[in-house]
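One structure is given here, and the rest of the page talks about it.
Computed from a predicted structure; not experimentally measured.
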Amino acid sequence: MSWFRDVEIIAKRLNAQIGEESTLTMETMAYRLRDLALEQAKFHNITGNMINSYAVGCFLDGKLRMVVTSNEVLKDPTRLTLKKGETYDLPYYWGGDENAGFTGSIGDANYSGPEQAWKFIQSHAPTKKGWAYIVVNAVDYAKYVEAKQGRNVMTTLCKTLQADGAIVSKMQIE
């Protein structure tokens with residue numbers, strides 16, 4: 001009887017250790033996904049909202065375990081997003097270039113890209129069991145930048161993940 005109890009205790013400890021190690025691995029991967037998205041981002045930054053609105057939600061059994069954002073490692077946007085027809089009103093763009101009179105070409109509201117990313121992650125929990133990630137760039141003009149300007153916002157990240165064997169169920173730029 002004592003031997004069985006010892007095996008049971010060892011099994012519980014091993015399961016706890018494996019759980020902790022898999023959590024650490026998944027959390028580390030969330031940071032890597034964020035960093036990869038930033039490395040592959042190829043677009044102009046006027047307000048800094050698009051570059052700051054990458055977020056990776058790390059879920060276990062549909063429950064949000066952690067969120068990693070680009071805003072954690074970058075300087076904040078200079079202002080809220082621009083609406084269509086609105087001209088950037090500060091002397092310098094987010095990246096430091098002098099304002100050349102950029103005017104927004106899409107969007108009907110001013111908002112914070114980082115806040116939108118958080119809201120998206122919190123409202124889109126996966127329904128499947130096990131570990132899952134949701135990676136988002138949450139500004140409405142990300143689609144426009146990819147489609148109309150041919151710039152990389154999320155496409156290369158999805159292709160890289162697929163090449164590494166990940167199952168990318170949907171690529172959606174919000």
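Smallest separation of non-hydrogen atoms from Val67 and Ala55: CG1-CB, 4.4 Å. Closest approach of Trp94 and Asn52 over heavy atoms only: NE1-ND2, 3.7 Å. Closest non-hydrogen pair, Leu80 versus Ser112, comes out as CD2-N, 3.6 Å. Between Gly62 and Ala125, the shortest heavy-atom distance links the atoms O-CB, 3.4 Å.
Put simply, SG on Cys58 and OH on Tyr31 are 10.0 Å apart, with the number rounded to the nearest 0.5 Å. Interatomic distance, Met50 CE to Asp140 CG, rounded to the nearest 0.5 Å: 10.0 Å. The distance from the OH atom of Tyr141 to the OG atom of Ser53 is 7.0 Å, given to the nearest 0.5 Å. Atom OH of Tyr54 and atom CG of Asn71 lie 13.5 Å apart (nearest 0.5 Å). From His124, atom NE2 reaches atom CZ of Phe59 across 9.5 Å, with rounding to the nearest 0.5 Å. Remark: Asn49 CG to Leu82 CG distance equals 8.5 Å, nearest 0.5 Å.
A heavy-atom distance below 4.5 Å is not found between the side chains of Ser70 and Ile51.
Using a 3.5 Å distance cut-off with no hydrogens or angles, the side chains of Thr81 and Asn110 do not pair a donor with an acceptor.
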Would you list the atom pairs, donor with acceptor, under 3.5 Å between side chains in residues 97-107 and any protein atom, with sequence neighbours excluded?
from   : atom 1 : to     : atom 2 : distance (Å)
Asn99  : OD1    : Tyr93  : OH     : 3.3
Asn99  : OD1    : Gly101 : N      : 2.5
Asn99  : ND2    : Tyr88  : O      : 3.0
Asn99  : ND2    : Leu90  : O      : 2.7
Thr103 : OG1    : Thr87  : OG1    : 3.0

Let's go through Leu36 and Glu39 carefully: what are the C-alpha distance in whole Å and the side-chain angles of both, what is the deciding distance for side-chain contact (heavy atoms from CB on, under 4.5 Å) to 0.1 Å, and is it a yes or a no? CA-CA 5 Å; Leu36 184 60; Glu39 286 172 22; 4.1 Å; yes
Begin with the C-alpha distance, continue with both residues' side-chain angles, and end with the deciding distance and a verdict on side-chain contact (heavy atoms from CB on, under 4.5 Å) for Val139 and Tyr111. CA-CA 9 Å; Val139 295; Tyr111 59 87; 3.7 Å; yes
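Note on residues 68-82: pairs passing salt bridge (charged side-chain N to carboxylate O under 4.0 Å, His left out), not counting sequence neighbours, are Arg34-Glu72, Arg79-Glu86, Arg79-Asp89.
Criterion: ILVMFWY side-chain heavy atoms under 4.5 Å apart, direct or through other members. Under it, Leu38 and Ile46 are not part of a common hydrophobic cluster.
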